[in-house]
Enquirer: 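Let me give you the structure first, and then I'll get to my questions.
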Amino acid sequence: MSENRRVRVRFAPSPTGPLHMGGVRTALYNYLFAKKHGGDFILRIEDTDQDRFVPGAEEYIIEALKWCGIEPNEGVGFGDGPCAPYKQSERKDAGVYAQYAKQLIDSGNAYYAFDTKEELDEQRARYEKMGKTFSYNAVTRQELKNSLALSEDEVKRRIDAGETYVVRAKMPRNEEVRFHDLIRGWVVVNSSQLDDKVLFKSDGMPTYHLANIVDDYTMKITHVIRGEEWLPSAPLHVLLYRFLGWEDVMPQFSHLPLLLRPDGNGKLSKRDGDRLGFPVFPLTGELLDIKSGKPEKFTGYRESGYFPEAFINMLALLGWHSSGNQELFSKEELINEFSLERVSKSGAKFDAEKTKWFNQQYLRMKADSELASLLVKEFPQVGSKDNAYLTEVCRLMKEKVNFVREIYEQGTYFFEDPTVYDDGVVKKRWNEESKKFIAAVKDAFASAGDWNAAELEKTFKGTAEATGTNPGSVMQLFRVCVSGAGGGPVLFEMVALLGKETIIRRLEAALNNIK
RNA sequence: GGCCCGUUCGUCUAGGGGUUAGGACAGCAGAUUUUCAUUCUGUAAACAGGGGUUCGAUUCCCCUACGGGCUACCA
């Protein structure tokens, strides 16, 4: 690892479906790390698997990163930089990988293999019958059809005859491979445990293993921050850097803990969201599902009403923690505080409830006027009210809700007269006596001079006193009469905002309609 | 099965050889708002188990258990 290199990290998803929140977190940590060190954050698309290519997935990834505010400063969809192209299929067409495969073969670290997929499947089945696991490695490769076992002439004949082949890495028989993971410390694996991974497929495409090493090297990547699922193949990658003579510029590795499902165990998957009722993806959309081969809809945080800041904040805390007790971080604070050393090693179960809490916190931090314009955007029908009214609605409601849309959903009565009245409250409080009181309050309000919260409260209490009613016993009922709902914002501020005409009209309606 | 990684309240986590093991979400209880879905206060809740090392271990080491990941011409 050479010193003083400009920090360069990459997020390298494959376009096989919608980017899920675990992927977003990986991107986020890469972004934070890059910004913290004044480096570059690159988006590279790993589309070496032609069979699993999903149209639209790449666009989805780009849009998701944009919405989250974690934009790469280099790469697909964000302006090409000095290392273009950033898509592996295009890099393959430019001949980026073939030369290195050749180099590996020439140096004796890789070889041609002619075994077909079917033949290998047979081997696997045979081994399984014996209770063993087949592995293409130092002990089996001599028995298989490859340039190590076959004669030179035979190999040449097969290639000249146009037979398809793959290139496999030749793993050393018995060698300690070690690397220092920034999150996990030293990881040591013996090469005897590694199999001869395919580096180049018979369709002419490199596999992930070759492509990511070549790309990270040519793109001058200094730190590889990726999911834990890559940990087992990291020793192979280390070996490839060594074989290619790039050990001195090998990136530092960091393997992130997985995001686990909230119930039971296992990593968070697509289905968990539908089953448990929370989004697993940043954006709502519909893409081809690899497994079923059919288009599939999925729900996103954006469409569910989450603020990107809240989403990011929640994600940042799922696996990382600052040294103090702070939980709410602006993006700038996250950048300042972030460090890989403080990323935890164990998987984190996702908690949908806490995610809502984060959104609530961010909602409260927003200005009432901003909430008002967000409200109009989501519910154009409220646009008929003037801005001051909407802003006041938001001021009153923001303490009660988690999402902008709930301002409308729970405060529909700010825009329409109620048609149904809270059943429980009506049953408990609606009787001849309270009815008389409501009628009296209506009359008192009708002749009210100053229409403001303090005056209205005074009038309300005065009426209660005059009719010998305990105010506490009728306040909620009164609220139900004017709003239909048993709960809501501070009562008399709400009444003041609704206005005299509306209140009188609604009280009359209540008197007529509630039985 | 093999290999690798992990294990502090229900959840996210702080801490770290001697602490009342801290915070947050969720829970519960009170208060207040003469209504409430807000707010405040309080409360319950954890170092997986067993061996070492040590004066002392939750913290370091080993084993076991449990969980997860990987084990494709997928990434």
Side-chain angles (χ1 to χ4, degrees), chain A residues 12-16 46-49 51-52 88 113 115-117 120-121 124 128 131-136 164-168 181 183-184 187-190 192-195 197-203 205-209 211-212 226-235 255 257-258 260 262 264-267 290 314 317-328 342 344-358 360 364 396-402 406 410 422 425 429 457 461 464 470-480 485-491:
Chain A
S14 60
T16 53
E46 312 228 327
D47 58 347
T48 53
D49 188 348
D51 297 334
R52 301 205 313 157
Q88 290 184 331
D115 319 84
T116 64
K117 190 135 178 35
L120 293 174
D121 285 342
R124 273 187 273 271
E128 199 171 332
K132 291 196 231 166
T133 308
F134 172 72
S135 175
Y136 209 120
T164 60
Y165 59 84
V166 301
V167 175
R168 283 182 183 273
D181 187 289
I183 295 171
R184 289 154 205 284
V187 177
V188 187
V189 177
N190 191 289
S192 62
Q193 303 298 331
L194 272 23
D195 65 340
K197 280 271 181 287
V198 171
L199 263 20
F200 237 96
K201 300 185 264 187
S202 56
D203 65 0
M205 279 294 213
T207 60
Y208 170 84
H209 301 296
N212 103 85
R226 75 226 302 191
E228 190 184 346
E229 67 269 27
W230 294 111
L231 199 48
S233 54
H255 290 93
L258 263 14
L260 272 21
N265 301 303
K267 64 175 170 175
I290 289 284
M314 176 277 293
L317 272 287
L318 223 48
W320 170 86
H321 202 279
S322 76
S323 52
N325 281 332
Q326 189 178 350
E327 304 230 60
L328 263 14
R342 295 200 62 87
S344 50
K345 300 176 179 70
S346 48
K349 281 188 186 172
F350 169 69
D351 182 356
E353 282 308 309
K354 190 146 186 184
T355 308
K356 284 183 194 158
W357 176 80
F358 273 109
Q360 180 190 44
R364 286 177 189 190
L396 292 175
M397 291 298 289
K398 75 194 287 193
E399 299 296 316
K400 305 271 172 187
V401 300
N402 294 331
E406 291 176 341
Q410 291 177 29
D422 187 297
V425 177
R429 302 287 193 191
E457 184 166 1
K461 285 178 181 166
N470 170 22
S473 71
V474 285
M475 276 183 91
Q476 198 180 8
L477 183 66
F478 172 72
R479 176 191 287 281
V480 169
V490 194
L491 183 52

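No experiment lies behind these values; they were computed from the predicted model shown. So you know, we letter chains A, B, ... as the sequences are listed, proteins then strands, and number each from 1.
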Enquirer: Starting from C1' on B:A37, measure out to CH2 on A:Trp357 and report it in whole angstrom.
Expert: 18 Å
Enquirer: Please determine whether a side-chain nitrogen or oxygen atom of A:Lys201 lies at a distance below 4.0 Å from atom OP1 or OP2 of B:A75.
Expert: yes
Enquirer: Do any side-chain nitrogens or oxygens of A:Ser344 fall under 4.0 Å of OP1 or OP2 in B:U13?
Expert: yes
Enquirer: Scan A:Ser202 against the nucleic acid and name what it touches under 4.0 Å (heavy atoms): base, sugar-phosphate only, or nothing.
Expert: base
Enquirer: Starting at atom CG of A:Asn470, determine the distance to atom P of B:U34, rounded to an integer number of angstrom.
Expert: 12 Å
Enquirer: Return no unless some side-chain N or O of A:Lys267 is found under 4.0 Å from OP1 or OP2 of B:C70.
Expert: yes
Enquirer: Check whether any side-chain nitrogen or oxygen of A:Arg168 sits under 4.0 Å from OP1 or OP2 of B:C73, and answer yes or no.
Expert: yes
Enquirer: Which part of the nucleic acid, if any, lies within contact of A:Leu491, taking any heavy atom under 4.0 Å across all strands shown: a base, the sugar-phosphate backbone alone, or nothing?
Expert: base
Enquirer: Identify which nucleotide among B:C12, B:A75, B:C73 has an atom closest to any side-chain atom of A:Asp49, counting heavy atoms from C-beta outward.
Expert: B:A75
Enquirer: B:A75, B:C36, B:C5: which one has an atom nearest the side-chain heavy atoms of A:Lys400?
Expert: B:C36
Enquirer: Roughly how far apart, to the nearest Å, are B:G30 and B:G67 at atom P?
Expert: 40 Å
Enquirer: If we take the P atom in both B:U41 and B:C60, what is their distance in whole Å?
Expert: 35 Å
Enquirer: Could you check how far CE of A:Met205 sits from C1' of B:C73, rounded to whole Å?
Expert: 13 Å
Enquirer: If you compare every side-chain N and O of A:Thr164 against the phosphate oxygens of B:C73 (OP1, OP2), does one of them come in below 4.0 Å?
Expert: no
Enquirer: For B:A46 and B:U32, measure between their P atoms and round to the nearest Å.
Expert: 31 Å
Enquirer: Side-chain donor or acceptor of A:Lys356 under 3.5 Å from a matching atom on the base of B:C25?
Expert: no
Enquirer: Would you kindly give the CD-to-P distance between A:Glu399 and B:U39, to the nearest whole Å?
Expert: 7 Å
Enquirer: What's the gap between B:G18 and B:U54 when it is taken at their C1' atoms, as a whole Å value?
Expert: 12 Å
Enquirer: For B:A72, does the base pair up with any side-chain atom of A:Lys197 as donor and acceptor (N or O, under 3.5 Å, distance only)?
Expert: no
Enquirer: Among B:G69, B:C36, B:C3, find the nucleotide with the atom closest to the side chain of A:Arg479.
Expert: B:C36
Enquirer: Describe the nucleic acid contact of A:Arg429 in one word from base, sugar-phosphate, nothing, applying a heavy-atom distance below 4.0 Å.
Expert: nothing
Enquirer: Are any non-hydrogen side-chain atoms of A:Glu228 and A:Lys267 less than 4.5 angstrom apart?
Expert: no
Enquirer: Of A:Met475 and A:Asp121, whose nearest nucleotide on RNA chain B comes first from the 5' end?
Expert: A:Met475
Enquirer: Toward the 5' end of RNA chain B, which comes first, A:Ala12 or A:Phe350, by nearest nucleotide?
Expert: A:Phe350
Enquirer: Contact class for A:Ala234 (heavy atom, under 4.0 Å): base, sugar-phosphate, or nothing?
Expert: nothing
Enquirer: Rounded to whole Å, please give me the gap between CG in A:Asn325 and P in B:G15.
Expert: 10 Å
Enquirer: Below the 4.0 Å mark, does B:A75 have OP1 or OP2 next to a side-chain nitrogen or oxygen of A:Arg226?
Expert: no
Enquirer: Between the base of B:G2 and the side chain of A:Thr133, is there a donor and acceptor pair under 3.5 angstrom?
Expert: no
Enquirer: So what does A:Lys345 hit on the nucleic acid, given a heavy-atom distance under 4.0 Å: a base, only sugar-phosphate, or nothing?
Expert: sugar-phosphate
Enquirer: Under a 3.5 Å cut-off for both contacts, is B:C70 paired Watson-Crick or G-U wobble with anything, and if yes, with which nucleotide?
Expert: B:G2
Enquirer: For the pair made of NZ in A:Lys349 and C1' in B:U7, what is the distance, rounded to whole Å?
Expert: 12 Å
Enquirer: Have a look at A:Arg342 and say if it touches a base, only the backbone sugar-phosphate, or nothing, with a 4.0 Å heavy-atom cut-off.
Expert: sugar-phosphate
Enquirer: Which of the following nucleotides, B:U39, B:G69, B:C5, is nearest to the side chain of A:Glu229?
Expert: B:G69
Enquirer: Using a 3.5 Å distance criterion without hydrogens, assess whether the side chain of A:Arg226 forms a donor-acceptor pair with backbone atoms of A:Leu231.
Expert: no
Enquirer: Whole Å only: how far is the CD atom of A:Gln410 from the P atom of B:U38?
Expert: 10 Å
Enquirer: Please tell me which of the listed nucleotides, B:C74, B:U38, B:C73, lies nearest to the side chain of A:Arg52?
Expert: B:C74
Enquirer: Which one, B:C73, B:C12, B:A75, comes nearest to the side chain of A:Leu318?
Expert: B:C12
Enquirer: Can you tell me the distance, in whole Å, between the CZ atom of A:Arg184 and the C1' atom of B:G68?
Expert: 10 Å
